[in-house]
Amino acid sequence: MNIQQIKNINLFHGLNEEEVTKALTYLNAYEKTYRKNSTIFHAGDYIHEMGIVLEGSVTIENNDIWGNKTILNMIKKNDSFAESYAYLHDMPLLIDVIANEKTTILFLEINVLANSLKNKPNWAITILQNLCFLSSHKNLHLSQRSFHTSSKSIRARVMSYLHSLSIQLQSKEFEIPFNRQQLADYLNVERTALSKELKRMKENNLILYHKNHFLILANKDDQL
């Protein structure tokens with residue numbers, strides 16, 4: 001394992017290399033590589049490990065019994081997933097975790113930290129604090145997605161999403177983490193309808209885009 005890379009992951013923020021090494025041993029850490037489109041976790045699974053993407057990326061998806069897919073999040077390099085499920089370990093997954101490309105995952109048995117804080121080493125307390133921060137951040141992300149999908153019109157959904165990225169990145173020009181089908185699944189719209197609406201917005205000089213690179217040309221209120 002590349003301790004220097006792992007040390008820079010948010011879960012291990014504040015730990016030195018010696019503490020990271022101790023933590024990896026205590027948490028029974030191991031790495032596994034997946035092919036593109038491989039399922040890492042299935043809905044209904046009971047898991048005791050969280051994952052951290054070391055290389056590649058994964059999508060968090062909700063696939064219902066009628067074959068409808070909704071993308072809830074894209075997890076990129078050095079980001080984590082399934083923390084809450086792994087920590088609780090007695091709740092079935094409601095989502096699927098899919099490798100978006102060839103992907104290497106670091107797995108950690110985070111639930112071993114779930115007992116009393118008494119006599120815990122400082123590194124364990126730091127990891128729990130970082131875990132709380134990560135979980136809070138994920139909750140905010142899910143709340144943001146609900147804002148993006150609450151509008152009936154595709155244009156309003158697109159602009160809600162682009163506007164939020166613009167605020168986060170402090171720029172009107174940026175790249176989104178989704179391809180066109182993934183963006184449609186994330187916004188819960190049909191891909192063909194999304195592509196038509198993006199084309200109309202481009203023709204109206206509201207946005208410019210090429211693949212996943214976007215430039216906002218007008219204020220959010222002007223585009224609804």
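Note that these values count all heavy atoms, side chains included, but never hydrogens, waters or copies made by symmetry. Index from 1, following the sequence.
No more than 12 heavy atoms of other residues, nucleotides or ligands sit less than 6.0 Å from atom CZ of F133. Few gaps surround CG on N68; more than 12 heavy atoms of other groups in view lie less than 6.0 Å from it. Other residues, nucleotides and ligands place no more than 12 heavy atoms under 6.0 Å from the CD atom of E190. More than 12 non-hydrogen atoms from other residues, nucleotides or ligands lie less than 6.0 angstrom from CD of Q168. Counting non-hydrogen atoms of other residues, nucleotides and ligands closer than 6.0 Å to NE2 of H213 gives a total above 12. Heavy atoms of other residues, nucleotides or ligands lying less than 6.0 angstrom from NZ of K202 number more than 12.
Closest of all the heavy-atom pairs between G44 and P92 is O-CB, 3.9 Å. Across I207 and L198, no two heavy atoms sit closer than the pair CD1-CD2, 3.9 Å. Minimum interatomic distance between H148 and S160 (heavy atoms only, all atoms of both residues): ND1-OG, 2.7 Å. The nearest pair of heavy atoms linking V53 to I105 is CG2-CD1, 3.8 Å. Across all their heavy atoms, L113 and K120 have their closest contact at O-CE, 3.4 Å.
Ring centroid separation for the pair F12 and W123 does not come in under the 6.0 Å cut-off.
Looking at heavy atoms from C-beta onward, L54 lies in side-chain contact with E31 at the 4.5 angstrom threshold. Side-chain contact check for K22 versus P121: every heavy-atom pair is 4.5 Å or farther apart. The shortest side-chain heavy-atom distance between Y161 and F178 falls under the 4.5 Å cut-off. Looking at heavy atoms from C-beta onward, L15 lies in side-chain contact with T126 at the 4.5 angstrom threshold.
Salt bridge status for E203 with R200: absent, with no side-chain N to carboxylate O gap under 4.0 Å. Of the charged side-chain nitrogens involved, none lies within less than 4.0 Å of a carboxylate oxygen, so that K7 and E17 do not count as a salt-bridged pair.
A donor atom on one side chain and an acceptor atom on the other are found under 3.5 Å apart for S80 and E83. Counting only N and O atoms by type, the side chains of N111 and E49 include no donor and acceptor under 3.5 Å apart. In summary, the side chains of E61 and N63 do present a donor paired with an acceptor at a separation below 3.5 Å, with no hydrogens or angles considered.
Both L169 and M74 are part of a single hydrophobic cluster, where members link through side-chain heavy atoms under 4.5 Å apart. Transitive grouping of hydrophobic side chains (ILVMFWY, heavy atoms separated by less than 4.5 Å) keeps L162 and I167 in distinct clusters. By the rule that hydrophobic residues join a cluster once side-chain heavy atoms approach within less than 4.5 Å of another member, V20 and V112 end up as members of one cluster. Note on V97 and Y46: separate hydrophobic clusters, where clusters join Ile, Leu, Val, Met, Phe, Trp and Tyr whose side-chain heavy atoms are under 4.5 Å apart, directly or indirectly. By the criterion of side-chain heavy atoms lying less than 4.5 angstrom apart, applied directly or through intervening Ile, Leu, Val, Met, Phe, Trp or Tyr residues, I98 is not grouped with V58; the two fall into different hydrophobic clusters.
A distance of 9.5 Å separates CG in N28 from CG in L108, rounded to the nearest 0.5 Å. Rounding to the nearest 0.5 angstrom, the gap separating the OG1 atom in T59 from the CD1 atom in I40 is 8.5 Å. In this structure, the separation between CG on N100 and OH on Y34 is 15.0 Å, given to the nearest 0.5 Å. Separation of atoms CG (L134) and CD (Q129) is listed at 12.0 Å; rounding is to 0.5 Å. Rounded to the nearest 0.5 Å, atoms CD1 (I6) and CG (L24) are 5.0 Å apart. A distance of 14.0 Å separates CZ in F81 from CG in L72, rounded to the nearest 0.5 Å.
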**OP:** Take R155 and E197 through the salt bridge (charged side-chain N to carboxylate O under 4.0 Å, His left out) test and state the conclusion after the steps.
**Re:** CA-CA 7 Å; R155 179 172 295 195; E197 185 58 44; 2.6 Å; yes

Original post:
Checking side-chain hydrogen bond (donor to acceptor under 3.5 Å, both in side chains) for the pair E101/N37: CA distance, chi angles, key distance, verdict?
Top reply: CA-CA 7 Å; E101 56 194 300; N37 296 327; over 6 Å; no

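A search for ring pair (Phe, Tyr, Trp, His ring centres under 6.0 Å) contacts involving Y87 returns nothing, not counting sequence neighbours.
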